[in-house]
K.L.:
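Have a look at this one before I ask anything.
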Amino acid sequence: MERFGLDSKDRLRASALLLILLFQVTERVAGASSLYPLVVSTWPFLEAVERAWSAANNGYSAVDSVVEGCSACEELRCDVGPGGSPDENGETTIDAMVMDGVTMEVGAVAAMRYIKDGIKAARLVMRHTGHTLLVGEKASAFSISMGLPGPTDLSSPESIEKWNKWKENNCQPNFWKNVVPANSCGPYHSNGLLLAAETTCLGDGPRRAVELRSNHFGLHSHDTISMAVIDKFGHIAVGTSTNGATFKIPGRVGDGPIAGSSAYVDSDIGACGATGDGDIMMRFLPCYQVVESMRLGMMPKDAAKDAISRIARKFPDFVGAIFAVNKNGTHAGACHGWTFQYSVRSPEMHSAKVFTVLP
């Protein structure tokens with residue numbers, strides 16, 4: 001630099017500038033971005049969002065950050081995990097799923113008893129098997145064999161009290177239909193009138209069933225966390241954890257562990273998370289629909305609204321919600337039948353922020 005007539009101070013400044021430029025170029029090549037990490041989650045589960053964001057900000061992968069966030073919700077019992085919604089027999093079980101948006105690998109567990117770490121069990125399925133979904137007691141045995149603590153009673157005094165009150169109310173409402181005895185705790189049997197109902201009341205039957213189902217869902221029924229994380233390198237993962245529908249029929253599996261329904265991700269496009277009446281929503285794979293709509297050029301807001309409207313046209317009384325986020329960090333939500341809230345944490349935020357979406 002001496003031949004350009006620069007003195008020592010100028011040379012020092014020039015060297016510093018070159019180092020800065022080199023660092024910025026290296027950062028871009030490595031894939032890091034000031035937009036990331038980014039965390040989006042259903043509901044105001046702020047501590048879970050902060051846990052996931054901190055993990056991603058400290059260099060964890062998107063998958064591991066999602067697991068950290070959902071695990072926080074399970075540990076804190078934010079209506080998810082041990083002590084959550086009981087089934088018809090008063091027992092708490094867990095469904096969970098994790099999906100890697102780079103490899104498209106999925107690990108999931110469903111109707112899992114005695115294991116409190118649902119999302120960690122799902123990650124073990126993804127890491128150590130060639131399968132996607134393990135269910136029931138075999139999922140529990142697998143999880144214990146891979147090092148998770150158990151067996152553990154997942155019930156709590158609160159969940160048992162909730163179940164006892166439901167029993168005192170003749171087990172109403174419940175998820176049975178076309179059975180006798182009605183308005184009781186069973187055991188139930190077919191009422192023998194299903195064929196007649198299908199042939200003579202075809203127009204009214206589907207609507208009536210959904211109206212009965214709506215009693216199960218409301219502002220205090222959200223026991224599902226669905227989370228998306230974009231890590232420092234733009235890789236995206238999603239995860240879910242849920243106890244399923246309150247007072248569900250034992251053995252029921254909802255949309256929580258179903259990739260494409262409760263959550264879906266493609267790191268080239270973006271991610272989606274859902275919550276609500278999983279039995280209805282899983283018939284439409286709404287999160288798969290959202291990601292594919294964004295792939296075709298839709299913005300997250302329009303993609304989320306479109307997916308919700310597809311369900312509402314067929315089931316106008318269903319209750320559910322979706323968040324969508326694209327790979328650039330643009331996010332939005334849509335809902336039907338209730339007011340929905342989702343939480344976001346990004347680099348420019350000092351703490352997680354809650355966004356409210358009206359139906």
Side-chain angles (χ1 to χ4, degrees), residues 84-95 108-114 133-140 154-155 159-218 220-224 242-258 260-262 274-286 310-320 336-337:
S85 298
D87 66 15
E88 192 177 72
N89 290 338
E91 184 177 15
T92 294
T93 58
I94 291 181
D95 301 339
V109 292
M112 187 173 68
R113 309 166 70 192
Y114 310 130
L133 173 65
L134 298 182
V135 304
E137 293 190 15
K138 297 303 182 182
S140 304
L154 301 184
S155 299
S159 69
I160 295 300
E161 180 183 6
K162 188 175 186 179
W163 178 69
N164 283 330
K165 288 182 178 179
W166 178 72
K167 296 279 284 187
E168 291 170 3
N169 192 43
N170 294 320
C171 303
Q172 303 299 315
N174 61 47
F175 287 94
W176 293 90
K177 63 181 182 180
N178 303 315
V179 296
V180 291
N183 301 317
S184 80
C185 292
Y188 304 102
H189 307 281
S190 170
N191 62 11
L193 301 177
L194 183 58
L195 181 60
E198 287 179 336
T199 56
T200 62
C201 302
L202 187 61
D204 295 333
R207 176 65 177 251
R208 183 169 60 250
V210 175
E211 287 173 348
L212 289 172
R213 294 182 61 83
S214 66
N215 292 330
H216 294 276
F217 296 91
H220 302 290
S221 299
H222 44 270
D223 69 341
T224 298
T242 180
N243 298 124
T246 306
F247 310 129
K248 65 187 176 183
I249 298 171
R252 178 263 192 187
V253 175
D255 68 331
I258 306 302
S261 186
S262 66
T275 183
D277 187 345
D279 290 293
I280 298 297
M281 297 179 76
M282 68 194 298
R283 302 169 190 176
F284 295 83
L285 295 180
R310 289 169 184 255
I311 306 173
R313 281 196 294 269
K314 297 288 187 179
F315 294 91
D317 296 314
F318 102 98
V319 176
H336 185 85

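Predicted, not measured: the structure shown is a model, and the values here were computed from it.
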K.L.:
Treating Asp87 as the side-chain partner and Ile249 as the backbone partner, does any N or O pair qualify as donor plus acceptor under 3.5 Å?
P.N.:
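Absent.
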K.L.:
Looking only at non-hydrogen atoms, find the nearest pair between His336 and Pro316 and report the distance.
P.N.:
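Taking His336 first and Pro316 second, the nearest heavy atoms are NE2-O, 2.8 Å.
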K.L.:
Can you check whether Gln172's main-chain N or O pairs, donor with acceptor, with Asn169's side chain at less than 3.5 Å?
P.N.:
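Checking the backbone N and O of Gln172 against the side chain of Asn169, a donor-acceptor pair under 3.5 Å is found.
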K.L.:
Supply the atom-to-atom distance Trp163 CH2 to Thr246 OG1, rounded to the nearest 0.5 angstrom.
P.N.:
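Atom-to-atom, Trp163:CH2 and Thr246:OG1 are 14.5 Å apart.
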K.L.:
Step by step, work out the side chain to side chain contact (heavy atoms under 4.5 Å, CB included) result for Phe315 and Phe284.
P.N.:
CA-CA 11 Å; Phe315 294 91; Phe284 295 83; 3.8 Å; yes
K.L.:
Testing the basics here: between Ala245 and Arg252, what is the closest heavy-atom pair and its distance to 0.1 Å?
P.N.:
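Taking Ala245 first and Arg252 second, the nearest heavy atoms are N-NH1, 3.3 Å.
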K.L.:
Taking atom SG of Cys185 and atom NZ of Lys167, what is their separation to the nearest 0.5 Å?
P.N.:
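Taking SG in Cys185 and NZ in Lys167, the distance rounds to 4.5 Å.
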K.L.:
Can you see which heavy atom on Pro257 is nearest to which on Leu133, and at what distance?
P.N.:
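Closest heavy-atom pair between Pro257 and Leu133: CB-CD1, 4.1 Å.
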K.L.:
Does the pair Asn243 and Thr93 meet the rule for a side chain to side chain contact (heavy atoms under 4.5 Å, CB included), with working shown?
P.N.:
CA-CA 6 Å; Asn243 298 124; Thr93 58; over 6 Å; no
K.L.:
Going from CG on Asp277 to CZ on Arg283, what distance comes out if it is rounded to the nearest 0.5 angstrom?
P.N.:
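The distance works out to 7.5 Å.
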K.L.:
Find the distance between OG (Ser85) and CD1 (Ile94) and round it off to the nearest 0.5 Å.
P.N.:
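So the gap between those two atoms works out to 11.0 Å.
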K.L.:
For the backbone of Trp176 and the side chain of Asn174, can you confirm whether one donor and one acceptor N or O come within less than 3.5 Å of each other?
P.N.:
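It does hold such a pair.
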K.L.:
Can you tell me if Thr92 uses its side chain to pair, donor with acceptor, with the backbone of Gly84 under 3.5 Å?
P.N.:
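Judged by distance alone, yes, a pair lies under 3.5 Å.
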K.L.:
Work out which heavy atom in Pro86 is nearest to a heavy atom in Ser159; give both atom names and the distance.
P.N.:
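Closest approach of Pro86 to Ser159, heavy atoms only: CG-O, 3.6 Å.
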K.L.:
Donor-acceptor pair, distance only, cut-off 3.5 Å: does the side chain of Ser184 make one with the backbone of Pro181?
P.N.:
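Present.
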K.L.:
Mark yes or no for whether Lys248, through its side chain, and Val253, through its backbone, hold a donor-acceptor pair below 3.5 Å.
P.N.:
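Flag not set: sc Lys248 to bb Val253 has no pair under 3.5 Å.
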K.L.:
In terms of relative ring orientation, are Trp166 and Phe247 parallel, tilted or perpendicular, with 30° and 60° separating the classes?
P.N.:
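Judged by the thresholds at 30° and 60°, the geometry between Trp166 and Phe247 is parallel.
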K.L.:
On a heavy-atom basis, which atom in Tyr114 and which in Glu91 lie closest, and how many Å separate them?
P.N.:
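It is CE2-OE2, 4.1 Å.
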K.L.:
Which heavy-atom pair separates Asp255 from Met281 by the least distance, and what is that distance?
P.N.:
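Residues Asp255 and Met281, closest heavy atoms: OD2-CB, 4.4 Å.
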K.L.:
Quick one, Thr224 with Thr275, criterion side chain to side chain contact (heavy atoms under 4.5 Å, CB included). Give me CA distance, side-chain angles, the key distance, then yes/no.
P.N.:
CA-CA 6 Å; Thr224 298; Thr275 183; 3.8 Å; yes
K.L.:
Is the side chain of Ser140 donor-acceptor paired with the backbone N or O of Arg113 at a distance under 3.5 Å, no angle test?
P.N.:
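It does hold such a pair.
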